[in-house]
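Have a look at the structure below, then the notes.
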Amino acid sequence: MRWVVKVGTSSVCEEDGRLSHSRIKGLAEQVGRLYHRGHEVMMVSSGAVGAGVGRIGRWPQTVGDKQALAAIGQARLIQAYQSVFDPVPVGQILITRADLEDPARRMASGRTLQQLLEWGVVPIINENDTVADEELRIGDNDTLAARVATLVDADLLVILSDIDGLYTDNPRLYPDARRIATVPWVTAEDLAEHTASPGPWGTGGMATKLEAARISQEAGIGMVLASSHEPDVLAKVMGMDWPGGTRFLAQRGNFGA
Ligand code: GLU
């Protein structure tokens, strides 16, 4: 089975932006278990800007600051992944919107990912923040992950976040909000209801997760939103009877494949 696993900044960094090697190691161990069972796994990882902040202790004031911080942090991020995945090889892919929209560049990006997977490499993907200005940006890694999933015709997209699913209301404001276990189809009203409400690092909040679900569903790819803090979450996602997270069904009506 072909997976795209997206992890947000809060899943790989400490609150002050420093990379959390223990969190990254935990994620790599989980991905490694899937890999050794014969699955193809690509990771879409945020954390470049956060890791840049953690390295030089400057908070971004402008888009230009974010781009420069990403240059510092992306190098550290990939270095961290390399060291925890070893001996499994990883490959870094940095993508802009133009790479996904221009037919020739899209084909080249897809071909490279395909080749890496055939060679048993785990691609680690992020937006190329350093060169993607406001106009060229996808802007958030939730929709980037969904677009990557459609590019490589993945079987499943998993978004690991600091929230453990989609709720009837914002659970931080409404304690009686209920988690929704299954979403057959994300509607236009669902999308309109959720405006971007980013945390300190993440760019999108729930709005971009629903957008990602919509892109995936339209492409016939199932998506699961789950907490990155849940122990062994990827194995639980694979076992279809796990009651946690929110499963967004593929348009075909079947989950996953
Ligand atoms: N590409 C950004 C980073 O690596 C994250 C974007 C997002 O939060 O979705 O810092």
Side-chain angles (χ1 to χ4, degrees), residues 4-21 23-24 27-28 42-82 84 90-100 109 123-149 151 157-163 191 194-216 223 225-228:
V4 174
V5 177
K6 184 262 173 179
V7 293
T9 300
S10 59
S11 306
V12 296
C13 289
E14 310 283 359
E15 281 64 33
D16 62 2
R18 278 177 305 120
L19 282 175
S20 166
H21 284 268
R23 288 184 194 166
I24 293 175
L27 288 165
M42 282 150 276
M43 293 191 72
V44 173
S45 178
S46 305
V49 176
V53 172
R55 178 65 184 87
I56 66 166
R58 278 175 188 273
W59 285 80
Q61 312 286 340
T62 62
V63 173
D65 290 355
K66 278 193 182 170
Q67 292 180 296
L69 288 163
I72 300 163
Q74 181 63 33
R76 297 179 71 78
L77 190 62
I78 204 71
Q79 191 182 37
Y81 277 112
Q82 248 162 1
V84 295
V90 302
Q92 173 180 257
I93 305 265
L94 299 176
I95 283 186
T96 59
R97 200 171 72 198
D99 297 322
L100 294 172
S109 310
I124 312 278
I125 302 152
N126 196 358
E127 182 154 19
N128 196 352
D129 296 314
T130 302
V131 298
D133 65 13
E134 281 306 290
E135 285 189 358
L136 287 175
R137 297 182 80 206
I138 296 165
D140 73 274
N141 276 1
D142 297 323
T143 50
L144 171 67
R147 289 179 188 214
V148 166
L151 176 67
L157 168 62
V158 182
I159 294 193
L160 297 180
S161 180
D162 50 3
I163 186 148
L191 290 174
H194 291 81
T195 47
S197 52
W201 300 112
T203 323
M206 196 51 74
T208 55
K209 291 173 181 57
L210 289 178
E211 184 64 37
R214 173 71 173 246
I215 293 169
S216 305
M223 183 185 115
L225 172 61
S227 167
S228 63

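Note that ligands are numbered from 1 as they come in the structure, with each ligand's atoms numbered from 1 the same way.
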Practice problem: Enumerate the atoms of ligand 1 whose separation from the nearest heavy atom of D140 is less than 4.0 angstrom. | Solution: 9 (O)

Quiz item: If you measure from each non-hydrogen atom of V49 to ligand 1, which part falls under 4.0 Å: side chain, backbone, both or neither?
Solution: both

Quiz item: Which heavy-atom pair separates A48 from N126 by the least distance, and what is that distance?
Solution: CB-ND2, 3.6 Å

Quiz item: Quick one: does G47 get a heavy atom under 4.0 Å from ligand 1?
Solution: yes

Practice problem: Would you mind telling me if ligand 1 is within reach of the side chain of N126, the backbone, both or neither, using heavy atoms under 4.0 Å? | Solution: side chain

Self-check item: Proximal atoms of ligand 1 relative to S46 (non-hydrogen, under 4.0 Å)
Solution: 4 (O), 5 (C), 7 (C), 8 (O), 9 (O)

Self-check item: Test item: Q74 and T130 side chains (from C-beta on) under 4.5 Å apart, heavy atoms
Solution: no

Practice problem: Compute the shortest N/O to N/O distance between G139 and ligand 1 and return yes if it is under 3.5 Å, no if not. | Solution: no

Quiz item: Hey, are the side chains of L160 and K6 touching, using non-hydrogen atoms and a 4.5 Å cut-off?
Solution: no

Quiz prompt | Side chain proximity check, R23 to E14, heavy atoms < 4.5 angstrom | solution = yes

Self-check item: Minimum side-chain heavy-atom gap V4-I125 below 4.5 Å
Solution: no

Quiz item: Quick one: does N141 get an N or O within less than 3.5 Å of an N or O on ligand 1?
Solution: yes

Quiz item: Does the N or O separation between S45 and ligand 1 drop below 3.5 Å for any pair?
Solution: no

Exercise. For the residue pair V49 and T9, establish whether any side-chain heavy-atom pair is separated by less than 4.5 Å.
Key: no

